[in-house]
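Data first, discussion second: the structure below is written as structure tokens.
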Protein chains: 2
Amino acid sequence: MNQSQYPSSLLQKAVTEISRLPGIGSKTALRLALHMLRQDVVEIDALADSIKDLRHNVGYCKVCHNISDTDICDICANISRDKATVCVVENVRDVMAIEGTLQYRGVYHVLGGVISPMDGIGPADLQIDSLVERVKQGDIGEVILALSPTMEGDTTNFYIYRKLQDTGVTVTVIARGVAQNDELQYTDEVTLGRALAGRVPFKS
Amino acid sequence: MNQSQYPSSLLQKAVTEISRLPGIGSKTALRLALHMLRQDVVEIDALADSIKDLRHNVGYCKVCHNISDTDICDICANISRDKATVCVVENVRDVMAIEGTLQYRGVYHVLGGVISPMDGIGPADLQIDSLVERVKQGDIGEVILALSPTMEGDTTNFYIYRKLQDTGVTVTVIARGVAQNDELQYTDEVTLGRALAGRVPFKS
């Protein structure tokens with residue numbers, strides 16, 4: 001018996017399963033499993049049931065494909081939101097981040113990822129066709145591309161732009177530049193170069 | 001809706017439950033929950049079931065109180081282990097750590113914690129009476145105290161020593177000193193002081 005052998009097969013099984021989660025190694029998994037052993041049965045059942053329930057019963061909004069308990073999500077169903085402006089994002093976390101700014105009153109379109117040939121993700125794996133379909137219905141005036149500023153994000157931006165080119169919709173992309181409170185000397189050259197090239201008139 | 005509000009109550013519930021685990025905040029919990037959504041149902045069921053199974057069905061060795069699937073754990077049942085030497089540890093992780101050294105051929109006694117008035121843990125909450133009982137049965141020659149070198153560990157060591165004083169058993173405590181590969185200049189004064197006081201003849 002060495003340190004990687006567990007005194008109980010139930011413990012070993014739980015540690016193996018927990019350590020499959022991203023960012024959780026076998027030491028953390030063991031710590032979590034031993035913690036669970038010290039908790040009330042009711043609490044651990046609630047944890048396990050909530051995980052199963054999430055995986056089995058979560059739904060997606062039929063309009064924007066965001067995670068939702070209802071057919072149409074709260075944002076799409078909100079009559080005070082501007083339905084003519086659609087912000088294209090990668091996933092639900094990006095929706096939550098933009099909602100967190102309290103600056104955006106339009107609606108979303110959640111792609112479910114970005115085009116990434118390295119990971120075997122092509123346009124057909126994403127909600128791009130449904131975006132084009134939404135735009136073709138004619139009520140949308142502006143599509144804001146808010147994907148991550150990575151090569152994959154740029155590729156996806158370009159692909160969507162080409163797809164929407166003939167629909168007459170305005171396609172914009174979120175501004176890139178130096179981040180608030182970043183120190184200029186530590187900003188990478190590409191970001192700094194784009195920030196210079198994309199300079200705007202000073203407003204006081 | 002701000003960043004702490006989730007688009008789905010199922011997601012919110014899962015995130016709440018996951019973030020109850022020690023060392024996992026709501027951001028990590030959200031990341032884990034969204035990861036789970038992308039996995040096969042079978043895999044997530046296996047994870048949830050292994051957690052439930054662990055909590056509901058794990059057992060403890062009747063002799064040493066270590067976690068075990070059987071009434072008597074593998075170590076206590078192993079005829080080649082020295083049953084006359086009992087190493088007293090706090091929990092199963094300490095057993096695994098000592099087994100990892102491959103240096104110890106005796107058996108264990110798992111207390112399930114240390115005396116800690118701050119956390120409301122007294123001697124009655126630990127497997128101390130059962131240790132005294134084990135020693136009184138007469139087949140044990142040495143009890144090795146291998147608790148953490150903390151105030152709580154020292155208190156527990158002292159309590160156990162007093163309890164075993166009249167049984168005639170030899171009570172030893174694991175050596176304290178500077179750790180292998182630690183730099184002397186960064187070693188704390190208490191450790192260094194004890195290492196000096198506990199110096200032993202040099203053997204080449």
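Numbers restart at 1 for each chain; the letters A, B, ... are given by sequence-line order, proteins then strands.
Looking at B:Val58, both its backbone and its side chain come within 4.5 Å of chain A, counting heavy atoms on both sides. When heavy atoms are compared at a cutoff of 4.5 Å, B:Leu47 approaches chain A by way of both its backbone and its side chain. Neither the backbone nor the side chain of B:Asn78 comes within less than 4.5 Å of any heavy atom of chain A. Residue contact with chain A, scored on non-hydrogen atoms closer than 4.5 Å, involves the side chain of B:Ile24 exclusively. The contact between A:Leu34 and chain B is made entirely by side chain atoms (from C-beta outward), counting heavy-atom distances below 4.5 Å.
With hydrogens and angles left out, the side-chain atoms of A:Ser9 and B:Asp69 include a donor and acceptor closer than 3.5 Å.
A salt bridge does not link A:Lys62 with A:Glu133: none of the charged nitrogens is closer than 4.0 Å to a carboxylate oxygen.
Per-residue counts of heavy-atom pairs under 4.5 Å with chain B were compared for A:Asp49, A:Val15, A:Thr16, A:Asn91; the largest is that of A:Asp49. Taking A:Arg55, A:Arg31, A:Glu17 one by one and counting their heavy-atom pairs under 4.5 Å with chain B, the maximum is reached by A:Arg55. Your options are A:Val41, A:Thr70, A:Leu32, and the one with the most heavy-atom pairs under 4.5 Å with chain B is A:Val41. For the set B:Gly112, B:Ala48, B:Gly23, B:Cys61, the entry with the most heavy-atom pairs within less than 4.5 Å of chain A is B:Ala48. In terms of heavy-atom pairs under 4.5 angstrom with chain B, the leader among A:Pro22, A:Ser68, A:Gly59 is A:Pro22. For the set B:Leu37, B:Ile51, B:Ile44, the entry with the most heavy-atom pairs within less than 4.5 Å of chain A is B:Leu37.
When the options A:Val114, A:Leu126, A:Ile128 are evaluated for a side-chain contact (heavy atoms from CB on, under 4.5 Å) with A:Tyr159, the one that passes is A:Ile128.
The neighbour count for B:Lys136 NZ, taken as heavy atoms of other residues, nucleotides or ligands under 6.0 Å away, does not exceed 12. Heavy atoms from other residues, nucleotides or ligands lying under 6.0 Å from CD of A:Gln180 number 12 at most.
In terms of heavy-atom proximity, A:Leu11 sits nearest to B:Leu54 at CA-CD1, 3.6 Å. Here the closest heavy-atom approach between residue B:Ile98 and residue B:Ala146 is recorded as CD1-CB, 4.3 Å.
Residues B:His109 and B:Ser130 form a side-chain contact, since some pair of their non-hydrogen atoms from C-beta on lies under 4.5 Å apart.
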